[in-house]
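A quick note: this is a predicted structure, and the numbers were derived from the prediction, not measured.
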Amino acid sequence: MSKPVLLVVAHGSRDPRHAATVHDLVRQVRARRPGVRVEAGFLEFNLPSVSGKLESLAAEGVRDIVALPLLLTRAFHAKADIPSVLSQAPARLRIRQAEVLGPSPLLTSALERRLYGAGLSPADKSSTGVVLAAAGSTDPEAIAVIADIAREWRRTGWCAVRPAFASAGSLPRTGEVVESLCALGCARVVVAPYFLAPGRLPDRVAREAGGADLLAPVLGAAPEVARVVLARYDSAAAVSALAAVGA
């Protein structure tokens, strides 16, 4: 029985750095799992579109696909946009939507490694306050997940870890949290962007992080992200295999 194709579903962006990062990540995933075909599709702004990629895979004779949302929280895109696009796929395709990437201890490890790569020392951890800067959402579940990640990460030895949000309508903002951690008495304050790729919102975080001592880069095509992608794929593929056996 052939393994399902892994279709990485990215949001897309007018910023060319977004698509470049997605393709870098796809190359990493392919290198880690040469026995699995890995493709990428975008919801908007970039090509190939998800619908176009599904049509081309169906035309090739592909039957089984795991569609993996390249998202860090299970908000509107994962709950509505992606299922809507997948529901319009060619009827011959059997598609299972995998879980989103976050939360995962691997992603938290990647955040920490990005901070150390940007110049923070592990010896500074206990005296450092971290701003966990995420996109934000109108979905309370997504906001709660970011708060939970911050709480869990704080327990690993940081002076403090507090969430901040970049999108309009989501509070608090990065600059406000930087100020609050300075007032708390943290010896240094750093900003960890919880984003997969560069773009408009990470750029906003960078603009608002001026009072911080250090700003880490986005997660990007970190090896930990590739490992989470494959873990989510494996879980969804295993469910698909069980369903096929029971059919």
Going only through I, L, V, M, F, W and Y residues with side-chain contacts under 4.5 Å, is there a path from [X] to [Y]?
X    : Y    : result
V177 : V205 : yes
W153 : V189 : no
L171 : F165 : no
I143 : L107 : yes
I146 : V178 : no

What is the minimum heavy-atom distance between [X] and [Y], and which atoms define it?
X    : Y    : result
T21  : A221 : CG2-N, 4.0 Å
S127 : R188 : OG-NH1, 2.7 Å
R113 : A222 : NH2-CB, 3.7 Å
V85  : S51  : CG1-N, 4.2 Å
S126 : C159 : O-CB, 3.3 Å
P4   : V36  : O-CG1, 3.9 Å

Checking [X] side chain against [Y] main chain: does a donor-acceptor pair fall under 3.5 Å?
X    : Y    : value
R154 : W158 : yes
K125 : T156 : yes
Q97  : A78  : yes
S167 : A135 : yes
R114 : P217 : no
Q88  : S84  : yes

### Task
Could you check V29 against Y233 for side chain to side chain contact (heavy atoms under 4.5 Å, CB included), going step by step and ending with a plain yes or no?
CA-CA 11 Å; V29 174; Y233 167 80; over 6 Å; no

### Task
List the steps, then state whether side chain to side chain contact (heavy atoms under 4.5 Å, CB included) holds for L70 with L101.
CA-CA 7 Å; L70 202 62; L101 301 183; 3.8 Å; yes

### Task
Before giving the answer on side chain to side chain contact (heavy atoms under 4.5 Å, CB included), spell out for R33 and L6 the whole-Å C-alpha distance, their side-chain angles and the decisive distance to 0.1 Å.
CA-CA 11 Å; R33 193 69 63 84; L6 168 55; over 6 Å; no

Do [X] and [Y] come close enough that some side-chain heavy atom pair is under 4.5 Å?
X    : Y    : answer
L219 : L72  : yes
T73  : D139 : no
T128 : L115 : no
S104 : R227 : no
Y194 : I149 : yes
S56  : V62  : no
S180 : R162 : yes

How many angstroms lie between atom [atom1] of [X] and atom [atom2] of [Y], to the nearest 0.5 angstrom?
X    : Y    : atom1 : atom2 : result
E141 : D148 : CD    : CG    : 10.5 Å
R63  : R94  : CZ    : CZ    : 4.5 Å
R27  : R32  : CZ    : CZ    : 15.0 Å
H23  : R30  : NE2   : CZ    : 9.0 Å

May I have the list of side-chain donor-acceptor pairs in residues 196-204 shorter than 3.5 Å, sequence neighbours left out?
residue : atom : partner : partner atom : Å
D203    : OD1  : R17     : NH2          : 3.3
D203    : OD2  : R17     : NH2          : 2.9
R204    : NH1  : A166    : O            : 2.7

### side chain to side chain contact (heavy atoms under 4.5 Å, CB included) evaluation trace for L57 with I65
CA-CA 9 Å; L57 289 171; I65 295 175; 3.7 Å; yes

### Query
Who are the side chain to side chain donor-acceptor pair (under 3.5 Å) partners of R74, not counting sequence neighbours?
none

Sequence neighbours left out, cut at 3.5 Å: what donor-acceptor pairs do the side chains of residues 41-48 make with other protein atoms?
residue : atom : partner : partner atom : Å
E44     : OE2  : H11     : NE2          : 2.9
N46     : OD1  : S13     : N            : 2.8
N46     : ND2  : S13     : O            : 3.3

#### Entry: Sole residue of V66, L54, L68 in side-chain contact (heavy atoms from CB on, under 4.5 Å) with L7
L54

### Message
Does this structure show an ion pair linking E152 with R155, if we count only N-O contacts that are shorter than 4.0 Å?
### Response
yes

